Amino acid sequence: MAKGILFIISAPSGAGKTSLVNELLNNMSNIKASVSHTTRDRRPGEVDGINYHFVSRQQFIDMIEQGAFLEHAEVFGNFYGTSQQWVADTLATGEDVILEIDWQGAGQVRHLFPDSTSIFILPPSKQALRERLHNRAQDNADVIDKRIAAATEEMSHYIEADFMVVNDDFDYALQQLMSIISAQHCRLPVSGQEELLSDLLS
């Protein structure tokens, strides 16, 4: 059985990464998004085990010591981490996996999974980013200013990714994401097609 492909998707807060990934999962089969562990408080409408695995700070530290995370980082005072076992098990079944992680975590994962594909999502402008963060109505003005400042640093790391998608028109950005994922299954060497190639070339 061919192994699944690991896709790393990074973006500054407010670029629309989560909305794009959710819609992508609704439109493509044989692909799953990893559910990260986090120590941050649950936001209205979020469900434990669906949006995140919400754990205490001590639980998270214990998991770090146990080597449970493929990558982990502290962002705005909260920890986020990806389960190493879940990712490995899911890829082994032949399903693709999407990781929604920041540029630091993306670097850690690329080192461990050199065959992974990384995609960086950018907003069409800094003003659009500010408007999206304001319209979410989840953060006060001070937090939004901090997120904008952090986003400027984060966006400078787009160059480390394999692909870049600008989320100006949502439907077009979604089409680009889906095209990238489909195309990666046609790259050589194509895993899982050995029997077909042997028959064709014999």
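Here the structure is a predicted model, which is why all the values come from computation and not from measurement.
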For a quick test of reading the model, state the closest non-hydrogen atom pair linking [X] to [Y] and the distance between them.
X      : Y      : value
Ser156 : Glu153 : OG-O, 2.6 Å
Gly77  : Arg57  : O-NH1, 3.3 Å
Ala106 : Ile101 : N-CD1, 3.5 Å
Ser56  : Gln59  : N-OE1, 2.8 Å
Ser83  : His37  : CB-CE1, 4.3 Å
Val21  : Ala33  : CG1-CB, 4.4 Å

Would you confirm whether [X], through its side chain, and [Y], through its main-chain N or O, come within 3.5 Å as a donor-acceptor pair?
X      : Y      : value
Ser182 : Ser179 : no
Ser19  : Gly16  : no
Asp199 : Glu195 : no
Thr38  : Phe79  : yes
Ser198 : Glu194 : no
Ser118 : Ile8   : no
Gln184 : Ile181 : no
Asn167 : Pro123 : no

Side-chain heavy atoms under 4.5 angstrom apart, residues restricted to Ile, Leu, Val, Met, Phe, Trp, Tyr: same cluster for [X] and [Y]?
X      : Y      : result
Phe7   : Ile121 : yes
Leu25  : Leu174 : yes
Tyr80  : Val55  : no
Phe163 : Leu177 : yes
Val97  : Ile31  : no

#### Entry: Test salt bridge (charged side-chain N to carboxylate O under 4.0 Å, His left out) applied to Asp142 and Arg147, step by step
CA-CA 9 Å; Asp142 287 342; Arg147 289 190 182 278; over 6 Å; no
### Task
Could you walk me through whether Leu91 and Val87 pass side-chain contact (heavy atoms from CB on, under 4.5 Å), step by step?
CA-CA 6 Å; Leu91 291 174; Val87 170; 3.9 Å; yes
Do [X] and [Y] have side chains that approach each other closer than 4.5 Å (heavy atoms only, starting at C-beta)?
X      : Y      : value
Ile119 : Val165 : yes
Glu154 : Ser13  : no
Asp48  : Arg42  : yes
Asp171 : Gln175 : no
Gln108 : Leu112 : no
Asp115 : Leu6   : no
Glu65  : Ile61  : yes
Phe113 : Leu70  : yes

Using 0.5 Å steps for rounding, measure from the [atom1] atom of [X] to the [atom2] atom of [Y].
X      : Y      : atom1 : atom2 : value
Thr117 : Ile180 : OG1   : CD1   : 9.0 Å
Leu99  : Ile9   : CG    : CD1   : 9.0 Å
Tyr52  : Thr39  : OH    : OG1   : 11.0 Å
Met178 : Glu23  : CE    : CD    : 9.0 Å
Ile144 : Glu131 : CD1   : CD    : 11.0 Å

We want to know whether [X] and [Y] form a side-chain donor-acceptor pair, criterion being a heavy-atom distance below 3.5 angstrom.
X     : Y      : value
Asp89 : Gln85  : yes
Ser10 : Lys17  : no
Ser36 : Glu100 : no
Glu74 : Asn78  : no

### Task
Could you walk me through whether Thr90 and Glu95 pass side-chain hydrogen bond (donor to acceptor under 3.5 Å, both in side chains), step by step?
CA-CA 6 Å; Thr90 305; Glu95 286 192 288; 5.7 Å; no
### Message
Check this for me, if you would: do Arg40 and Glu46 make a salt bridge, where the nitrogen-to-carboxylate-oxygen distance has to be below 4.0 angstrom?
### Response
yes
### Query
Does the distance from a Lys or Arg side-chain N to an Asp or Glu carboxylate O, for Asp162 and Arg110, drop under 4.0 Å?
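No.
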### Phe60-Phe69 aromatic ring centre distance below 6.0 Å
yes
#### Entry: Trace of the side-chain contact (heavy atoms from CB on, under 4.5 Å) decision for Asp96 with Lys32
CA-CA 6 Å; Asp96 293 342; Lys32 289 182 177 178; over 6 Å; no
### Task
Take Trp86 and Ser34, measure what side-chain contact (heavy atoms from CB on, under 4.5 Å) needs, and give me the verdict at the end.
CA-CA 8 Å; Trp86 184 89; Ser34 172; 3.6 Å; yes
Any chance [atom1] of [X] has more than 12 other-residue heavy atoms, nucleotides or ligands included, within less than 6.0 Å?
X      : atom1 : value
Asn30  : CG    : yes
Phe170 : CZ    : yes
Tyr158 : OH    : no

### Task
Step by step, work out the side-chain hydrogen bond (donor to acceptor under 3.5 Å, both in side chains) result for His157 and Glu160.
CA-CA 6 Å; His157 293 274; Glu160 297 164 14; 2.7 Å; yes
### Task
Verify side-chain contact (heavy atoms from CB on, under 4.5 Å) between Val35 and Ile50, making sure each step is shown before the conclusion.
CA-CA 7 Å; Val35 179; Ile50 301 295; over 6 Å; no
### Task
Could you check Thr93 against Lys3 for side-chain hydrogen bond (donor to acceptor under 3.5 Å, both in side chains), going step by step and ending with a plain yes or no?
CA-CA 7 Å; Thr93 68; Lys3 279 190 65 175; over 6 Å; no
